[in-house]
Every structure is written in C-alpha cells, then in structure tokens.
Amino acid sequence: MDYNKLADLLYPNITKTPADYDEIYPPRELPQGAKVVRFAPSPTGYMHIGNLFSALIDKLAADSSNGIFYLRIEDTDKKREVDDAIDHIISGLSSYGIIPQEGIMSQIDEIGNYGPYKQSLRCEIYHTFAKELIQKGYAYPCFCSEDDLAANVEQQEKEGVQTGYYGKWAKCRDLTFEEIEEHINNGDSFVIRLKSQGDENKKIIVNDEIKGKLEMPENTQDAVLIKSDGIPPYAFAHAVDDHLMRTTHVVRGDEWVSSLPTHIQIHQYLGLKAPKYAHISPIMKLDDGNKRKLSKRKDPEAAVAYYEEVGYPEGGVLEYLMGIANSNFEDWRRANPDADLRSFPFSFKKMSASGALFDLLKLNDVCKNVISKMSAEEVYDYAIGWAEKYDKELYTLLGSDSDFAVEIFKIDRYNKKPRKDIYAWSQVKDYVSYFYNEIFDKNITFPEDFAKEDINAILEAYAKVYDENHDKDQWFETMKSICEPLGYTPNVKEYKADPDKFKGHVGDVSTVIRVAVTNRTNTPDLYSILKLLGKDEVLARLSVRV
Ligand code: GLU
C-alpha cells in the first residue's frame, strides 16, 4: 500500500506537516527545571473539588519551578458541553487565586503563543498529525458501523477473548487502497484508527511523578484517533497538544492511568517524547469508617460551588487543600505562619499515592483559624459580599450601618487568642443576630439550673447599677456588687471552697445577664457587647422577666 497516496486521499487539504507546527510552536525558553503544566478541563459546567485540587497542584508545580501554568479547554465532546462553563471554570479558579499565566482567559480571549487553547479550534493541527501517522503506516481509516462493532464484541464475548478493535478483529486494517477509495467516493463516514503494533506480553514502564514506577502491558487496541466528525478523542488530542504547547508535566486524575499504554504508543508512533506524568489519586472521604471516593452524586462537598454557597473563605479552603496535597505543609505553615502559599516548596513526591482524605471538620477548623486572623474590616467585606448573593436580609442589616457591623467583628478579635467562632460566612447571621432586633430571638431561654426568682432578681438589681459610661473594671466591680445581697459571692474561690453557702458566684450572675441580652450562654466579651448595644437596648433587654 502506498501510504502517502492513502494519506492524500483522506486528507487532501492538509498541506502542512508536524514539522511546520514545530516551527510555529518552538520549545519555550525557560530556566532549567521549569515545569510547564496545564489545567485542561472539559467545559461541562460542573467543577469537582478534585478539579480545583488538580489546578492547585498545577499552579504550585509551575510557581515552585518558575514555570508556566496555562489553561486549555478540552471541548471535544460537544454533547456534554454547557454554555457558560468556561466562565464558570475561570471564575472558579480566580476566586481561589489560581490564575493561569497563559491560555484561555474568557469565553473569547486567550493569551500566549501556543494557541489556540481550545481544542475545537485545533482540528487542522490534529489532522496534520493524523496524516503523518497514516503516511508512516501507523494509522488507517475504519468504516465499520456501530452495528459492525457490536457484532464484533458479541462474537468476542462468545469466544471468551478480549473485546475491542484489534488484531484479526480489526477488519478495516487490511482494506486495499481501492476498497478505501471506493468508500471515500461513496461518501462513507470513517474514523482514523491507530494501527497498534503492541504486544500484550510486553510491558511498558512509566515513572509517574506521584505513583512511582508503573508497569503495564503494551496497548494492542486500534484506538480511534479521529472520530467521524473530524474531532479527536482525548488520547490523541492531548498527545498533540501537550507536545506543541511544550508541556513538561501532565498532571491529571488517575482515572487516566489505564489508558497510559495507548498514550505512550501514540507518542512513540508520532516520534515524540512523552511528557512526564503525575497522576493524582481521587480525593477520598471516610463514610462509616470506610474510605471511598468523594462522590458527585452523594456528597454536596464534592462540588466547588458548595464552598462558595456555604461561604467558606477561599484562603481557608486553599490552606486545607495544601495540607492534603503535601504531607509537610502543616509543619511548613507552623514555621511560616504568614508566608505566601507560593513560597511553599511543593513537591510531587510528597503527594499521597493512594488518595488524600477529605475531612470537613478539619476544613472547618482551618477556616476558623483563617477567619480569626482576618481584620474586622476584612470579615465585614467578605461577609457582606457573600450575603449580597446568598442572604439579602443579612446584606441589608450589615449594610445599614457598616461601622456598627465592623465593631461587632472587632470584639475579641485582636486578643492574643482570638475567638474562633465562624468557619463560613453563612454563620455570620447567627453570630451577629443579637445585635439586630430584626433577627434577635427574644424568646429568651435561661439555663434550667437558675430559679426564676433569682433570674428576675439579678436582672432587676443589675438594671439599677448598670452604667453605660463605666470602663471595663468599673463594669466588673458593679456586677460583683450585686452578688452578695442576692445570695451569690463575687469570689469564685470562695464559692468553690464552700458551694453550699451560696446560690452561685459572679460568673453565674453574669451568665444570667448574658443570656438576657444575647439569648445564649457563650458569647464574646460581654462588656463589649453591652457597650455596642447601647444603654436603651441593654435596659430593654434587662427588663425581661420569667
Ligand atoms: N479533559 C480531561 C478531563 O477533564 C483532562 C484530563 C487531563 O488533564 O489531561 O478529564
């Protein structure tokens, strides 16, 4: 068979060669060791936390090596495509500060010299590389229909042999030029298949950056390289693109490991050096003591959108993901509490080969910590930003007097040990609720261990001595001053020495006041709360009786 003639028959309009593209997209001039990595999502409109995780790994790999992180959109499956998915991906990434230096920047813009960065715009390039494979005898057209393929599988199952299109089952492998020409003249649709020379008894070895040495049988299947609509499936598209875009490291989910032999073979037949591969294991969760993959169907936290809806601070989510990405991150963070994430010495080698465990409670702790370190103004800005989208009532309250709201967030914030009450912005409403009569639950519930008369007596006595101009010491002295006449002691030690002698101590008295004012037993500094509420409101709340 004259393969050149065949290639011209199939792709008469392709006049360039892969070598021409190598000139258009020359090797990048980067420092030694710089990694070129890409995030290559399909625009399906749904971003899994695993996607965000892998984009973060891309960015860390590029940043820590002075390399390049670019965004490529793999839109070869038009059926799964969602209209605004690209915006969704870009805004999702940028809200976490994962901003590509190159590639797709919006639905319509891209930057960089290695584009187009949308696969649907690269068909001519794919056809050029496919044409070369045909010329070398490594690819051929296949005219089998769905029915032919199904019949093949049926027969293979009957015979108990491996299913698929390979070896003697690959009917179109041996078509003559004349037979092919006839199909083409009839306008029959065709796919281009790889003519695999693989031997299932031979092994390929790949040294994965994360998983280490992978040993697998060679590929024997005549995989489809170009579909009948002219678009390549993932395997071929990524090989061509990662070569021309000069990717050094392909970071991707480990669901691709099983097709690695095909990917390696495609590179081999194209005469290309395969990039290094870093296969990330899926993020796992503990479910009833069993480790399982975080599931899009079962776990709301699998979706990146979930974190925005709940109002997790992006910085906290990132910190958490860093911790599950690299086992030494937490130690590094302790030693460098204020350092920028970009200065973390990220390494593929420190990633879990079996799958990082995702723990929401741990995430909450990390986020509480992150929020506790923010300024009151930052907390205000984030909270009102979240509320604008997700809670109009909170938005209106916080916006009605921003100085007042910032004062709320200042309470106990700049202490040596700031409180860690909030892990997400959706918790702010509850946190501030007693400062706003519109949402304050006035159905006050006092702890059951207080007698009604004592509660009423404490509130009455305190209302008489309360003075909004007192400083903190005077305030506390005043609270102590009402203890003894009511049968309580101002002295906690004294109480502990002989509890039967008293109804309680000053802490109990302040609890009653705290509950009357806030309807909760645990709050930040009560003195600051009273100050902020102001005299009229405090007196009104102290007038409650049970
Ligand atoms: N488009 C593929 C996906 O979304 C990308 C895999 C890769 O990163 O190579 O799964």
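Keep in mind that what you see is a predicted model, and the values were worked out from it rather than measured. Counting convention: from 1, in listed order, for ligands and their atoms alike.
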Q: If only side-chain N and O atoms count, and only distance matters, is there a donor-acceptor pair under 3.5 Å linking Glu308 with Tyr390?
A: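 The criterion, which ignores hydrogens and geometry beyond distance, is satisfied for Glu308 and Tyr390.
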Q: Quick one, list the residues around ligand 1 where some non-hydrogen atom comes in under 4.0 Å, by chain and residue number.
A: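 Ligand 1 pocket, heavy atoms under 4.0 Å: Arg38, Ala40, Pro41, Ser42, Glu74, Tyr234, Val251, Arg252, Trp256.
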Q: Please evaluate residues Glu330 and Arg333 with respect to the criterion salt bridge (charged side-chain N to carboxylate O under 4.0 Å, His left out), reporting the C-alpha separation (whole Å), side-chain torsions for both, the decisive distance (0.1 Å), and the verdict.
A: CA-CA 5 Å; Glu330 286 179 39; Arg333 180 45 94 207; over 6 Å; no
Q: Apply salt bridge (charged side-chain N to carboxylate O under 4.0 Å, His left out) to residues Asp242 and Arg72 and explain how you reach the verdict.
A: CA-CA 10 Å; Asp242 284 321; Arg72 179 170 78 221; 2.9 Å; yes
Q: How about Tyr306 and Asp299: does a side-chain donor come under 3.5 Å of a side-chain acceptor?
A: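 No donor-acceptor contact under 3.5 Å links the two side chains.
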Q: Does a side chain donor of either Tyr234 or Arg252 reach within less than 3.5 Å of an acceptor in the other side chain?
A: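 A pair is found: one side chain offers a donor N or O, the other an acceptor, under 3.5 Å apart.
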Q: When you compare the side chains of Asn219 and His263, does any donor N or O come within less than 3.5 Å of an acceptor on the partner?
A: no
